[in-house]
There are 2 protein chains.
Amino acid sequence: MAGKNRGIIDLSSSLTDIWRVLSDVEREKLRDNARILHFKKNDLIYTEGETPKDLMCLFKGKVKIYKRGVGSRNHIIRIICPVHYFGYRAYFAREPYVSSASAFEPCTVCLLPMELIEQFLRKNGNLALFFIQMLSVDLGVADHRVVSLTQKHVRGRLAETLLLLKESYGVEEDGATINIYLAREDLANFSNMTTSNAIRTLSNFVNERMIAIDGRKIKIIDEERLIKVSRIG
Amino acid sequence: MAGKNRGIIDLSSSLTDIWRVLSDVEREKLRDNARILHFKKNDLIYTEGETPKDLMCLFKGKVKIYKRGVGSRNHIIRIICPVHYFGYRAYFAREPYVSSASAFEPCTVCLLPMELIEQFLRKNGNLALFFIQMLSVDLGVADHRVVSLTQKHVRGRLAETLLLLKESYGVEEDGATINIYLAREDLANFSNMTTSNAIRTLSNFVNERMIAIDGRKIKIIDEERLIKVSRIG
DNA sequence: ATATAACTATGTTTAAAAACACAAATATAA
DNA sequence: TTATATTTGTGTTTTTAAACATAGTTATAT
């Protein structure tokens with residue numbers, strides 16, 4: 001499931017967001033308690049029902065956070081890319097995990113004990129604000145997604161997802177190809193539709209010259225129109 | 001839009017959650033800066049695009065938080081009842097409001113300047129944890145709702161909403177009538193369906209003897225079955 | 001290298017929910 | 001009170017997307 005490692009990675013440069021608000025003592029303590037894990041493609045990082053123990057920071061790779069829904073139909077809540085934190089919400093809510101996380105690609109994850117983090121942020125207002133801000137942004141995104149995913153039609157939902165992926169992962173050197181390669185099924189689970197509909201709608205977008213596809217590579221050709229399709233729903 | 005008032009209400013007994021984690025100095029300062037506002041039924045408390053300035057605590061009445069969606073179709077994100085806090089997420093995310101709040105019933109709201117709250121929680125770990133925990137719980141709820149509202153069918157969605165309302169607002173002396181009276185339209189906007197479908201499905205539930213309705217009063221008769229309907233979607 | 005599994009693609013059918021239309025009941029305001 | 005607006009209720013039609021079916025393609029593993 002995962003390999004182990006320590007000390008090779010420079011935490012101060014990888015955990016920048018947290019590192020810069022910590023005192024020297026806190027940094028020392030954190031360094032002593034940090035673990036680095038490696039996950040292979042499709043490895044499960046945590047799953048629904050487990051007890052959250054660590055704050056996770058993704059150093060390398062891509063991670064999907066998803067929930068099992070009706071009839072074991074999965075819904076992807078969000079996708080994490082480096083360097084971002086995940087896995088802490090359930091701990092703070094004093095709940096078991098209600099979602100699962102798995103590696104899209106080979107991943108390097110840094111685990112920091114939540115007990116330690118909580119202990120720090122009780123004394124460290126900047127660290128507290130850091131989490132408050134992350135949670136606040138994520139809650140805003142979640143509220144937005146509910147409306148998009150429930151009210152927009154298939155075309156609007158898929159268009160929004162493509163734009164969101166472009167925004168989150170950026171584009172390759174050509175300035176147009178989205179920097180993440182998802183299976184059609186993942187695209188569907190992220191956009192609240194069946195795989196067939198994702199495939200079909202993607203084909204339509206190609207025919208309408210809004211995008212071009214080459215396997216799992218998606219190139220956005222006419223962003224204006226895609227934005228319009230996303231907006232009108 | 002709203003009346004003003006001060007000092008008549010005992011903040012210490014109304015703001016309990018926050019009050020108990022504050023120092024005497026903080027309490028004093030907060031008391032000096034707290035404002036009490038009264039809202040009439042259907043009054044707007046804040047709206048999308050405005051700049052968040054205050055933490056709001058609902059002392060009396062009921063408030064709905066909602067977003068304008070596709071084709072000005074509203075989606076109710078959550079409903080607030082006393083004594084709960086709202087209006088702080090956008091401030092922490094450094095965004096304008098992306099939702100609106102309005103009074104379902106005549107409301108009494110206590111406004112506390114967010115600047116002051118932020119200043120406090122930077123020093124006060126317990127206060128910070130209080131917000132972190134609220135945000136974490138709300139984010140969990142939001143993630144759950146996305147899946148329910150997108151994957152469950154109309155019957156399952158409405159059943160879930162009824163159960164949720166019962167859980168949040170409790171029941172009247174008869175032990176079965178839900179303690180909040182919503183228009184069918186609000187019920188629909190909270191359950192992601194059209195008003196017609198809310199009305200129709202409600203009628204079906206009545207015919208199936210799961211609930212009884214008397215105007216806007218909803219009495220849950222067979223909770224077991226309602227739970228089952230909610231679960232199977 | 002070949003077999004097997006997983007993914008992509010597309011056409012057809014079926015089911016769900018929205019849209020529409022209208023009537024009745026209730027609430028609100030002049 | 002009466003007039004007007006809003007809300008509730010129900011039937012019908014249309015649209016949307018899911019479900020199903022099947023084939024071609026690409027990965028993966030042995």
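Labels below follow one simple rule: chain letters A, B, ... track the order of the sequence lines, proteins then strands, and each chain is numbered from 1.
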>> Return a single string for nucleotides 17-27 of chain C, one symbol per nucleotide in 5' to 3' order, where B is base contact, S is sugar-phosphate-only contact and - is none, cutoff 4.0 angstrom on heavy atoms.
In response: SBBB-------

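- Side-chain N/O atoms of D174(B) and T177(B) include a donor and acceptor closer than 3.5 Å.
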Polar atoms only, N or O, under 3.5 Å: list the protein pairs with nucleotides 27-30 of chain D and their distances.
none

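- Using a cut-off of 4.0 Å between Lys/Arg side-chain N and Asp/Glu carboxylate O, E105(B) and K60(B) are scored as not salt-bridged.
- Between K64(B) and D186(B) there is a salt bridge, since at least one side-chain N of the basic residue sits less than 4.0 Å from a carboxylate O of the acidic one.
- Nucleotide dA16(C) holds its C1' atom 15 Å from the CD atom of Q151(B), rounded to whole Å.
- Judged by distance alone, with hydrogens and angles left aside, the side-chain atoms of D43(A) form a donor-acceptor pair with the main-chain N or O of K40(A) at under 3.5 Å.
- Here the P atom of nucleotide dA18(D) and the CG atom of L149(A) are 12 Å apart, to the nearest Å.
- Judged as a ring-ring contact (aromatic ring centres under 6.0 Å, His included), the pairs with a partner in residues 62-88 of chain B (not counting sequence neighbours) are, in order, Y85(B)-F130(B), Y88(B)-F131(B).
- Under the 3.5 Å distance criterion, the side-chain polar atoms of T201(A) are left unmatched by any main-chain donor or acceptor of A198(A).
- R155(B) and E208(B) are joined by a salt bridge, as a carboxylate oxygen and a charged side-chain nitrogen come within less than 4.0 angstrom of each other.
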Could you pull out every donor-acceptor pair under 3.5 Å between side chains of residues 141-152 of chain B and any protein atom, sequence neighbours left out?
unit_1	atom_1	unit_2	atom_2	d
D143(B)	OD2	R78(A)	NH2	3.3
H144(B)	NE2	S148(B)	OG	3.3
H144(B)	NE2	E160(B)	OE2	3.4
R145(B)	NH1	E160(B)	OE2	3.3
R145(B)	NH2	F190(B)	O	2.6
S148(B)	OG	E160(B)	OE1	2.8
S148(B)	OG	E160(B)	OE2	3.2
T150(B)	OG1	V146(B)	O	2.7
T150(B)	OG1	V147(B)	O	3.3
Q151(B)	OE1	V70(A)	N	2.7
Q151(B)	NE2	R73(A)	O	3.4
K152(B)	NZ	E160(B)	OE1	2.4
K152(B)	NZ	S230(B)	O	2.9
K152(B)	NZ	S230(B)	OG	3.3

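- Inter-axis angle, ends of the helix from dA1(C)-dT30(D) to dA30(C)-dT1(D), five pairs per end, rounded to 10 degrees: 60°.
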> Can you list the steps and then say if R89(B) with E95(B) is a salt bridge (Lys or Arg N to Asp or Glu O under 4.0 Å)?
Replying inline: CA-CA 9 Å; R89(B) 188 209 65 81; E95(B) 298 167 357; 2.9 Å; yes

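- Across the protein-nucleic acid pair, L202(A) atom CG and dT10(C) atom P stand 11 Å apart, rounded to whole Å.
- Using a distance-only test at 3.5 Å, with no hydrogens or angles considered, a donor-acceptor pair links the side chain of E48(A) to the main chain of R68(A).
- Here the P atom of nucleotide dA17(D) and the CG atom of L158(A) are 12 Å apart, to the nearest Å.
- With respect to D214(A) and K219(A), no salt bridge is recorded, no charged nitrogen being found less than 4.0 Å from a carboxylate O.
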Identify each atom pair where a protein N or O and an N or O of nucleotides 5-8 of chain C are less than 3.5 Å apart, giving names and distance.
unit_1	atom_1	unit_2	atom_2	d
dC7(C)	O3'	R216(A)	NH2	3.2
dT8(C)	OP1	R216(A)	NE	3.0
dT8(C)	OP2	R184(A)	N	2.9

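- Atom CG in N204(B) sits roughly 13 Å away from atom C1' in dG11(D) (whole-Å rounding).
- Between the side chain of Y46(A) and the main chain of S99(A), no donor-acceptor pair closer than 3.5 Å is present.
- Distance CZ (F205(A)) to P (dT10(C)): 15 Å, rounded to an integer number of Å.
- By the 6.0 Å contact criterion, CZ on R94(A) is enclosed, its count of non-hydrogen atoms from other residues, nucleotides or ligands being greater than 12.
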